[in-house]
Visitor: 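Have a look at this one before I ask anything.
Computed from a predicted structure; not experimentally measured. Start at 1 and go down the list; that is how both ligands and their atoms are numbered. The first residue of the sequence shown is numbered 1, and numbering continues consecutively from there.
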Amino acid sequence: MSALDFSGRTVVVTGAASGIGLAIAEAFAKHGAGLELIDRNPEALAAVAQRLETSADITAHTLDLTSTEQIDALANSLQQRRINVHALINNAGIEYPTPLSDTATDAAPRWSRLLHNNVDSMYLLTRALLPLIPKSGCIINQSSIWGLSGVADFSAYVASKHAIIGLTRSLAWELGKQGIRVNAVCPGWVATEAAMRSMRAMAETAGKPEAQMIAEILAQQAIPELLGPADIAGTFLFLASPYALAITGQAIVVSNGEVMH
Ligand code: NAI
């Protein structure tokens with residue numbers, strides 16, 4: 001049996017309805033995993049589940065990860081089905097600019113909402129599903145190269161991605177004695193709808209055409225090609241596999257060489 005064969009294993013993927021989460025779900029399905037897919041977008045999630053169910057055992061859960069009640073209901077339903085979670089992939093996240101110059105009354109709540117959505121949700125889901133994660137299971141959290149540096153006008157998103165690395169490192173210590181590994185992945189720019197929206201916002205602020213922004217980003221990468229969601233998914237497979245049994249508490253950069261550390 002190949003070390004990348006996940007037959008008989010269940011993997012939970014959040015934010016599975018689009019972008020990188022969808023690519024992660026596809027990759028695990030291709031390697032035999034059973035999937036519990038989570039997203040708050042019911043139509044997109046149903047379409048993904050329908051597409052993947054020919055190759056894998058899929059259950060789709062429409063829920064908002066900022067809701068403790070909805071997370072607890074999910075945990076109860078997985079428990080009743082006696083699901084063992086081999087890998088919990090905390091991928092869901094949102095991004096939008098939060099410049100200090102925005103002094104509108106909703107600016108501070110928007111800042112907090114992003115942190116709540118990207119970080120608190122990870123803590124809440126991990127806490128709820130922990131009893132279902134056996135020894136040798138793992139947790140993989142989606143951070144970003146923006147979790148390793150600063151970016152003007154995106155302080156809430158950048159702070160959330162830094163926090164995810166802190167959460168990852170702390171939980172690696174907290175859960176290591178139980179044999180559960182916790183790692184983070186830090187993608188560079190990945191051509192998803194969400195990332196392209198941010199790219200357009202940055203281009204507008206800088207007064208540059210979008211194509212020029214993309215060219216500037218590619219010029220900062222050792223391999224000057226735009227990453228796609230599938231380029232990131234393989235790292236999740238690897239981290240969930242027996243090849244990575246000695247890896248915990250790490251933030252693994254996947255950026256075509258934009259960040260080297
Ligand atoms: P996306 O917007 O295509 O996918 C995110 C998914 O998460 C969406 O389907 C959305 O409905 C879901 N989601 C968000 N908040 C949720 C919540 N509270 N409850 C349930 N579902 C929720 O975004 P993309 O680009 O695929 O990003 C995925 C992850 O990768 C995010 O955490 C993002 O920050 C991270 N990332 C993305 C990069 C990129 O360049 N695309 C670079 C580095 C990190």
Visitor: Given Thr192, Ile38, Thr62, Leu45, which has its nearest heavy atom closest to atom 25 (O) of ligand 1?
Guide: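 Comparing heavy atoms across Thr192, Ile38, Thr62, Leu45, the nearest one to atom 25 (O) of ligand 1 lies in Thr192.
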Visitor: So is Ser143 in contact with ligand 1, going by heavy-atom distances below 4.0 Å?
Guide: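 In this structure, Ser143 qualifies as a contact of ligand 1 - some heavy atom is under 4.0 Å.
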Visitor: Of the protein's non-hydrogen atoms, which lies at the shortest distance from atom 21 (N) of ligand 1, and what is that distance?
Guide: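 Residue, atom and distance for the closest contact: Arg40 N, 3.3 Å.
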Visitor: Which atoms of ligand 1 are found less than 4.0 Å from any heavy atom of Lys161?
Guide: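 Result: 31 (C), 32 (O), 33 (C), 34 (O), 35 (C).
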Visitor: Can you pull out the closest protein heavy atom to atom 36 (N) of ligand 1? Residue, atom name and distance to 0.1 Å, please.
Guide: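 Sorting protein heavy atoms by distance from atom 36 (N) of ligand 1 puts Tyr157 OH, 3.6 Å first.
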Visitor: For ligand 1, does Trp146 get within less than 4.0 Å through its side chain, its backbone, both, or neither, judged by non-hydrogen atoms?
Guide: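 No part of Trp146 is near ligand 1 at this cut-off.
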Visitor: Hey, which atoms in ligand 1 end up nearer than 4.0 Å to a heavy atom of Gly19?
Guide: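 Result: 3 (O), 26 (O).
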Visitor: Considering non-hydrogen atoms of the protein only, which is the closest contact for atom 13 (N) of ligand 1, and what is the distance?
Guide: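 The closest one turns out to be Ala92 CB, 3.8 Å.
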Visitor: Mind checking whether Ile58 and Leu129 sit in one hydrophobic cluster, side chains of I, L, V, M, F, W, Y counted as touching below 4.5 Å?
Guide: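 Not linked; separate clusters.
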Visitor: Of all the atoms in ligand 1, which lie at a distance below 4.0 Å from a heavy atom belonging to Leu63?
Guide: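 Answer for ligand 1: 19 (N), 20 (C).
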Visitor: Regarding Ser155 and Trp111, is there a side-chain donor-to-acceptor distance under 3.5 Å anywhere?
Guide: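 Per modelled atom types, Ser155 and Trp111 side chains form a pair under 3.5 Å.
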Visitor: Test side chain to side chain contact (heavy atoms under 4.5 Å, CB included) on Leu167 and Met122 and set out the steps.
Guide: CA-CA 9 Å; Leu167 176 73; Met122 248 182 221; 3.9 Å; yes
Visitor: Would you mind checking which non-hydrogen protein atom is closest to atom 40 (O) of ligand 1, with the distance to 0.1 Å?
Guide: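 For this ligand atom, the closest protein heavy atom is Val190 N, 2.7 Å.
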Visitor: Is Asn256 reaching over with its side chain to a backbone N or O of Glu225, donor-acceptor style, under 3.5 angstrom?
Guide: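 Flag set: sc Asn256 to bb Glu225 pair under 3.5 Å.
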Visitor: Evaluate Glu26 against Arg51 for salt bridge (charged side-chain N to carboxylate O under 4.0 Å, His left out), listing each step before the verdict.
Guide: CA-CA 9 Å; Glu26 283 173 333; Arg51 184 146 65 78; 2.8 Å; yes
Visitor: Is it the case that more than 12 heavy atoms not belonging to Gln178 sit under 6.0 Å from its CD atom?
Guide: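 More than 12 within 6.0 Å, yes.
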Visitor: Given Phe28, which of Phe238, Phe6, Phe236 fulfils the ring pair (Phe, Tyr, Trp, His ring centres under 6.0 Å) condition?
Guide: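 Going through Phe238, Phe6, Phe236 one by one, the ring pair (Phe, Tyr, Trp, His ring centres under 6.0 Å) with Phe28 is satisfied by Phe6 alone.
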Visitor: Under a heavy-atom criterion of less than 4.0 Å, does Asn118 contact ligand 1?
Guide: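 Outside the 4.0 Å threshold, so no.
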Visitor: Please evaluate residues Glu36 and Arg81 with respect to the criterion salt bridge (charged side-chain N to carboxylate O under 4.0 Å, His left out), reporting the C-alpha separation (whole Å), side-chain torsions for both, the decisive distance (0.1 Å), and the verdict.
Guide: CA-CA 12 Å; Glu36 302 289 325; Arg81 288 167 49 220; 2.7 Å; yes
Visitor: Decide side-chain hydrogen bond (donor to acceptor under 3.5 Å, both in side chains) for Asn90 and Thr126; before the verdict, give the C-alpha distance in whole Å, the side-chain angles of both, and the deciding distance to 0.1 Å.
Guide: CA-CA 8 Å; Asn90 284 314; Thr126 303; 3.1 Å; yes
Visitor: With respect to atom 5 (C) of ligand 1, which of Ala195, Gly93, Ala194 exhibits the smallest heavy-atom separation?
Guide: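 The option holding the nearest heavy atom is Gly93.
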Visitor: Report yes or no: does Gln142 have a heavy atom closer than 4.0 Å to ligand 1?
Guide: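 Gln142: in contact with ligand 1 (<4.0 Å).
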Visitor: Starting from atom 7 (O) of ligand 1, find the nearest protein heavy-atom neighbour and note its residue, name and distance.
Guide: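 Atom 7 (O) of ligand 1 sits closest to the protein heavy atom Gly15 CA, 3.3 Å.
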Visitor: Where the closest heavy atom to atom 11 (O) of ligand 1 is concerned, which of Ile232, Asp39, Leu227 has it?
Guide: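 Selected option, by shortest heavy-atom distance: Asp39.
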Visitor: Does the side chain of Thr248 pick up a donor-acceptor pair with the side chain of Asn183 at under 3.5 Å?
Guide: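 Not at all, the side chains of Thr248 and Asn183 share no donor-acceptor pair under 3.5 Å.
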Visitor: Looking only at protein heavy atoms, which one is nearest to atom 32 (O) of ligand 1, and how far off is it?
Guide: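 Protein heavy atom at minimum distance: Asn91 O, 2.7 Å.
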Visitor: Among protein heavy atoms, which lies nearest atom 15 (N) of ligand 1, and at what distance?
Guide: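 Checked against all protein heavy atoms, atom 15 (N) of ligand 1 sits closest to Asn117 ND2, 3.1 Å.
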Visitor: Any donor-acceptor pair under 3.5 Å linking the side-chain atoms of Thr168 with those of Asn141?
Guide: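 Indeed, the side chains of Asn141 and Thr168 share at least one donor-acceptor pair under 3.5 Å.
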Visitor: Which is closest to atom 42 (C) of ligand 1 by heavy-atom distance: Gly188, Ser144, Gly21, Pro42?
Guide: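 Nearest heavy atom to atom 42 (C) of ligand 1 lies in Gly188.
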Visitor: Check the hydrophobic clustering (I, L, V, M, F, W, Y; side-chain heavy atoms under 4.5 Å; chains of links allowed) and say if Val85 and Leu35 are grouped together.
Guide: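 No: no chain of side-chain contacts under 4.5 Å links Val85 to Leu35.
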Visitor: Name the closest protein heavy atom to atom 3 (O) of ligand 1, giving the residue it belongs to and the distance to 0.1 Å.
Guide: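 Result: Ser18 OG, 2.9 Å.
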Visitor: At a 4.0 Å threshold, what atoms of ligand 1 neighbour a non-hydrogen atom of Asp64?
Guide: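 So the answer, numbered in order with elements, is 17 (C), 18 (N), 19 (N).
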Visitor: At less than 4.0 angstrom from any non-hydrogen atom of Trp189, what atoms of ligand 1 do you find?
Guide: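 Those atoms are 40 (O).
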Visitor: Are Arg197 and Tyr96 in a cation-pi contact, defined as NZ or CZ under 6.0 Å from the six-membered ring centre and within 45° of the axis?
Guide: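 No, a cation-pi geometry is absent between Arg197 and Tyr96.
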